[in-house]
J.: 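Please find one structure pasted underneath; my questions will follow.
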Amino acid sequence: MAQQEKRPYTIVLGVIGFDCHSVGNKILDAYFTEQGFKVINLGVMVSQDDFISAAIESAADAILVSSLYGHGEIDCDGLRGRCIERGIGDIILWVGGNLVVGKKDFTEVEAKFRAMGFDRVFPPDTDLDKTVQELIEDIEKRRQKKAEEKH
Amino acid sequence: MAQQEKRPYTIVLGVIGFDCHSVGNKILDAYFTEQGFKVINLGVMVSQDDFISAAIESAADAILVSSLYGHGEIDCDGLRGRCIERGIGDIILWVGGNLVVGKKDFTEVEAKFRAMGFDRVFPPDTDLDKTVQELIEDIEKRRQKKAEEKH
Amino acid sequence: MIDRKMSREQFETQRKEVLQSWPTGAEVDFDAAIALQRSIPKEKNFAHAMIQAEREGRTLLQPRAGVALVDEHIRLLKYLETEGEADLLPTTIDAYTRQNRYTEAAKGIEKSQAAGTSLLNGFPAVNHGVAECRRVTEAVSKPVQVRHGTPDARLLAEITLAAEFTAFEGGGISYNIPYAKNVPLRSSIQYWKYVDRLVGLYEEAGVRINREPFGPLTGTLVPPCVSHAVAILEGLLALEQGVVSLTLGYGQCGNLVQDVAAIISLRNLAQAYFSEAGFENVELTTVFHQWMGGFPEDEAKAFGVISWGSVAGRLAGATKIIVKSPHEAMGIPTKEANAQGLRTSRQIVNMLSDQGMLDSQAVQREVALILRETRAILEGAFALSSGRDPEEAAVRAFEAGIIDVPFAPSNQNQGKILPMRDNEGFVRIFKAGALPLPQDVLDFHRERLEDRAKAEGRIVSLRMVTDDIYAIGKGRLVGRPQ
Amino acid sequence: MIDRKMSREQFETQRKEVLQSWPTGAEVDFDAAIALQRSIPKEKNFAHAMIQAEREGRTLLQPRAGVALVDEHIRLLKYLETEGEADLLPTTIDAYTRQNRYTEAAKGIEKSQAAGTSLLNGFPAVNHGVAECRRVTEAVSKPVQVRHGTPDARLLAEITLAAEFTAFEGGGISYNIPYAKNVPLRSSIQYWKYVDRLVGLYEEAGVRINREPFGPLTGTLVPPCVSHAVAILEGLLALEQGVVSLTLGYGQCGNLVQDVAAIISLRNLAQAYFSEAGFENVELTTVFHQWMGGFPEDEAKAFGVISWGSVAGRLAGATKIIVKSPHEAMGIPTKEANAQGLRTSRQIVNMLSDQGMLDSQAVQREVALILRETRAILEGAFALSSGRDPEEAAVRAFEAGIIDVPFAPSNQNQGKILPMRDNEGFVRIFKAGALPLPQDVLDFHRERLEDRAKAEGRIVSLRMVTDDIYAIGKGRLVGRPQ
């Protein structure tokens, strides 16, 4: 148990669909690496299955999906379902970026993506220093729950 | 009668109240003079009574009131009544400029100033080449009416 | 150096009269005012903010704003401070107060209370009085300046300075010629001597108040040499009465090279003339006014004009920029629009703040031209006075048309000169009236205008002047035929 | 001069395959397309509009825009033409089409029809086919360009050029490295050889189509020498296939001197390299992209960024400017916001059009620097090829990191270089990777960065790069510590 807690927080990063916006992805990678996370960065143009395969292989705590080009609504649809099918239904799923086409009220966008099964939804100007704490908390909660389930 | 029609169109120009915006006034003066009008230009900071006295003295066809500083609503109130009291109740009264404080829907502003007794109400970006025709028509109509009343 | 300070006795005699001219004058207690002013934290003192920015090479942003009622005005300023990110706050005074028509202003206050919205185009500070005005300055955290257009602002100055305002715009020339119809220039200069002396008395008591002659004058194609000549004379008049913190201004003409050259030459002239007159410890700063003429009605286009003003003001290295709003074409802006103009300007000034000032051979050439022109006018004016007295020089120069402001309403101004843009949009002189410019300079202006006329296939004419006045409102700089 | 034109036989073999890759390919009839293109009035031809503007010293404005459905797209373009006063129109292609995922694009069309709003980030021209695309070009009165980001745009080019589009953006390098993950550079260059040859065939039939390599690449602090090297190589590749109307591009870095110098040096380099390679009759024009990085969310601040882009583009004398909207931070703009960005830019460009280009010693110094840098990179690249073959040079230079684009997603790019702003906001090179820059140039960059680090009291580090990337979005040019 003590050993398990020392395992580094492992996250899978990537830009979903046919989106090739690479700048934010490179910055997320550098940031979380600097914060001590183990980062599996799949880069741009990542399919749903690639995210899931990488998460399974690395026993990741969370998948952080980015979408900047406006097709997020199409690309993200069904991701949680696919996670359940492939046996990691409880994985932490975050999504952030310019998730829909055009200027929309963020609370609507958030509601839509939460309904799709994402645990947290972020606008493009998210402050990473705040977010990292939430991620650690989410991961700790999930690990604890998993640990409790084992007992 | 023929002689009377040859009388130049006579207009009184001025900026009402305590408004000292002089640029537009100078341009109106130059423009109407160029168009062959007899222009009595009272300049800036003109009181209601000054307008009326000048109109009586010059037997003017019309008074063109400008207001650029937003106090038009206070300054113009009662001008038509004062014209009636002093015996030129039928004079053509035009007003134009930035008539109220702040950005307001022009149709509301127009209704307000027409209710005060102005025959026409103009926004600040009025095209003079169009306006001059309306002024000639208004003056001709008034002169004809006056001529008919005499017979 | 001739001491032209108004004597304390003369000042106190006038003061009695001034403070009795409207009931709120009785609220002024100079000693209490000094004590209060001394207690203001440094960062709320306007003079301090200006000289700090100048020293650090920063450009500050200030809006114009004023409404009829105190609480509404406080809300407005607080909004501009938080949502507008303004560095400096204004309190723009209404047009009745500017003409000392306090009775009309009182009516405006009443009507505004009844209407639930401001029917005055500014804040009637005299009617509100010292205690109410103090509520304004104490409600905000940024320095506040009084901005108006008042030929006789003596009571306004007494009341607002007693109410912890730390800066006062205007001057005996710049708040007469563009703002009055028939106030004798000699009178307005006397009134402003009083204001400057009052500021001098605060200074002597250890309180630095910023003074700012109104640079743009009529704001309509004013050639830099004309507004610079007025700025230097008003600067001298202020310094003579003991003013130390002085901000000289200029209104954007629209051609970048000319605008940058104007600010450079204004600083240069001020330093030379002030030093020559024996004033060595001046805290000299500059203000650049975004385009003061007609604006496009379309807000997107207005944002373009606002941005261009911020670019020019910053590349010229002005200490502060006075900011317009996207509602400019429609008159007085809402607080939201005012804050938008500020934020657009903020983005521009911030992005440019890391970059150097603009310098080029064209700028240097234009600086040399403005220096020659302004010196010719000022020397022409001083030649009419004895002992280089700026008051006498100003009065006689205006009488003779040696200083002549285009499109001014005042009968104290000859109104013989006419400006016009050349083919690159520089404001040049079409009719020089009695401006004592050297013949080769006049020839240069004429040549440039002929170049433009040729490019447009028409002859140099009054029509071109009118076209220029409306050009920016219609989306261009030079008023070309369609 | 080595003739590197793709043979007609080779072209026709590929063509058969290309046109069969999706059902709408069958709609392409080249002879009919030529006839139609010839019937287009001059003023609707993109190449004509560009060269006319270049000759008259005007700067044209063009937005980006594209939605899923044809009628909605027509409404959008007509709005940008009338309310936005655009000189040139775009048709931005959706991201699925860019990856040749026509099945996904079809799903996007369906979902958009169902949702009553576009769920695609552009116009899926291949799915709509020739006849439907022609409805777009025929509904508007301005020239229309295809803008996208497609490594293999052969079918897209066939369909849109047959549908009377008269300009086609992209290139084998600029539409691969920033837009794909693992498409071999050699493949994308081959695909684009086909597109350029197609344009050459139109040219030979008397129809001039404008081609525009994508200048900004990743749009993120790309040093001018890097994007210029790519632009020159892609320009040569296009000219070799018979292209005549060529527009080279550059994305605003934000420092005025650098941006003006970039456009000047780009023209200079293009003329020199094209002429050296034997291409004398090129219709060379330039495009300046308003800031391509992160924008402020606040629309007023976004207007400031847009205006600054227009100022720089115009003072640099670019032939056209690609315009952003105040919604930029939020993704794809509404048509109203898009038109606002255009009108703000219009006001700026119009006001500046009478004024000269910016020139100063600082600009000249920076031009000289960019020329040396770009020549060093290009000569380094050509040294890896035989006979100065731009294709071979490009492929080997990317392999070797001699050309290296910062922050690019492609695995064809070494990604070893890191740019950073210096103390005045010039984009300089922090990590040069294998860029073959002379040592004194590298030293100069380093010195400038050390100056900045000193001013900020920190050491030159990756953190500064990240700060710079977000700086404009946060309201500044240089990402300084708070």
Side-chain angles (χ1 to χ4, degrees), chain C residues 83-85 254-258 291 295-296 298-308 310-312 315 325-326 336-337 339-356 358-363 421-426 452 455 471-472 474-478 480, chain D residues 83-85 254-258 291 295-296 298-308 310-312 315 325-326 336-337 339-356 358-363 421-426 452 455 471-472 474-478 480:
Chain C
E83 300 305 309
E85 308 168 24
N255 174 290
L256 181 63
V257 168
Q258 186 169 39
W291 179 244
F295 256 64
D298 175 59
E299 294 188 23
K301 292 187 175 183
F303 276 117
V305 179
I306 288 167
S307 297
W308 184 229
S310 300
V311 169
L315 289 179
S325 91
E336 290 82 8
Q340 284 180 320
L342 278 164
R343 292 201 303 271
T344 298
S345 299
R346 170 68 58 202
Q347 180 75 26
I348 294 271
V349 167
N350 276 1
M351 288 191 302
L352 270 70
S353 69
D354 303 311
Q355 308 182 31
L358 181 72
D359 195 12
S360 70
Q361 289 194 322
V363 168
R421 291 197 189 277
D422 72 14
N423 208 36
E424 292 173 57
F426 288 82
R452 169 182 167 191
I472 284 186
K474 291 181 175 169
R476 302 200 57 97
L477 181 62
V478 180
R480 315 238 187 232
Chain D
E83 300 305 307
E85 308 169 23
N255 174 291
L256 182 62
V257 167
Q258 186 169 40
W291 178 244
F295 258 63
D298 175 59
E299 294 189 20
K301 292 187 174 183
F303 277 117
V305 179
I306 289 168
S307 297
W308 183 231
S310 299
V311 168
L315 289 179
S325 93
E336 290 81 8
Q340 283 179 320
L342 277 163
R343 292 201 303 273
T344 298
S345 300
R346 170 68 58 201
Q347 180 75 26
I348 295 272
V349 167
N350 275 0
M351 289 190 302
L352 269 71
S353 69
D354 303 310
Q355 308 181 33
L358 181 73
D359 196 13
S360 70
Q361 289 194 322
V363 168
R421 289 195 190 279
D422 71 14
N423 209 32
E424 292 172 57
F426 288 81
R452 170 181 166 192
I472 285 187
K474 290 181 177 170
R476 303 201 57 97
L477 181 62
V478 180
R480 313 227 187 245

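Just the heavy atoms: all of them, side chains too, but no hydrogens, waters or symmetry mates, feed the values below. In this text the structure is predicted, and so the values were computed from the model without any measurement. Every chain is numbered from 1 and lettered A, B, ... according to where its sequence line falls, protein lines coming before strand lines.
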J.: Using non-hydrogen atoms and a 4.5 Å limit, figure out which bit of C/Glu336 sits close to chain D: side chain, backbone, both or neither.
T.: neither

J.: Looking at chain D, which one of C/Ala362, C/Gly254, C/Gly304, C/Ala339 has the largest number of heavy-atom pairs inside 4.5 Å, strictly under?
T.: C/Gly304

J.: Does the side chain of D/Leu358 reach to within under 4.5 Å of the side chain of C/Leu358, using non-hydrogen atoms?
T.: yes

J.: Do you know which of D/Ile348, D/Asp422, D/Val349 has the most heavy-atom pairs with chain C at a distance under 4.5 angstrom?
T.: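 It is D/Ile348.
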
J.: For D/Val478, is it the side chain, the backbone, both or neither that has a heavy atom under 4.5 Å from a heavy atom of chain C?
T.: both

J.: In terms of heavy-atom pairs under 4.5 Å with chain D, which of C/Leu352, C/Val363, C/Val305 leads?
T.: C/Leu352

J.: Side chain, backbone, both or neither: which part of C/Asp298 has an atom under 4.5 Å from a heavy atom of chain D?
T.: side chain

J.: Is a side-chain donor-acceptor pair under 3.5 Å present for C/Ser360 with D/Ser360?
T.: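 Side chains of D/Ser360 and C/Ser360: no pair found under 3.5 Å.
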
J.: Between CZ of D/Phe303 and NZ of C/Lys301, what distance do you get to the nearest 0.5 Å?
T.: 12.5 Å

J.: What part of C/Ile306 gets within 4.5 angstrom of chain D, counting heavy atoms only: side chain, backbone, both, or neither?
T.: neither

J.: For D/Gln347 versus C/Ile472, what's the shortest heavy-atom pair and its separation?
T.: NE2-O, 3.2 Å

J.: So how far is it from D/Glu299 CD to C/Arg343 CZ, rounded to the nearest 0.5 Å?
T.: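 Here the interatomic distance stands at 9.5 Å.
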
J.: Would you compute the distance between atom CD of C/Gln355 and atom CG of D/Leu477 and round it to the nearest 0.5 angstrom?
T.: 5.5 Å

J.: What part of C/Leu256 is in contact with chain D, defined as an atom under 4.5 angstrom from a non-hydrogen atom: side chain, backbone, both or neither?
T.: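 The answer is both parts of C/Leu256.
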
J.: Under the rule for salt bridge (charged side-chain N to carboxylate O under 4.0 Å, His left out), what residues qualify as partners of D/Asp354, not counting sequence neighbours?
T.: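 Once residues adjacent in sequence are excluded, the partners of D/Asp354 under the salt bridge (charged side-chain N to carboxylate O under 4.0 Å, His left out) criterion are C/Arg476, C/Arg480.
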
J.: Where does C/Ser310 contact chain D at under 4.5 Å (heavy atoms): side chain, backbone, both or neither?
T.: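 It is neither, since no heavy atom gets under 4.5 Å.
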
J.: Under the 3.5 angstrom rule, does the side chain of C/Thr344 hit a backbone N or O of D/Ala300 as a donor-acceptor pair?
T.: yes

J.: Only pairs of heavy atoms separated by less than 4.5 Å count here; which of C/Pro296, C/Ala302, C/Ser307 has the most with chain D?
T.: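 The answer is C/Ser307.
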
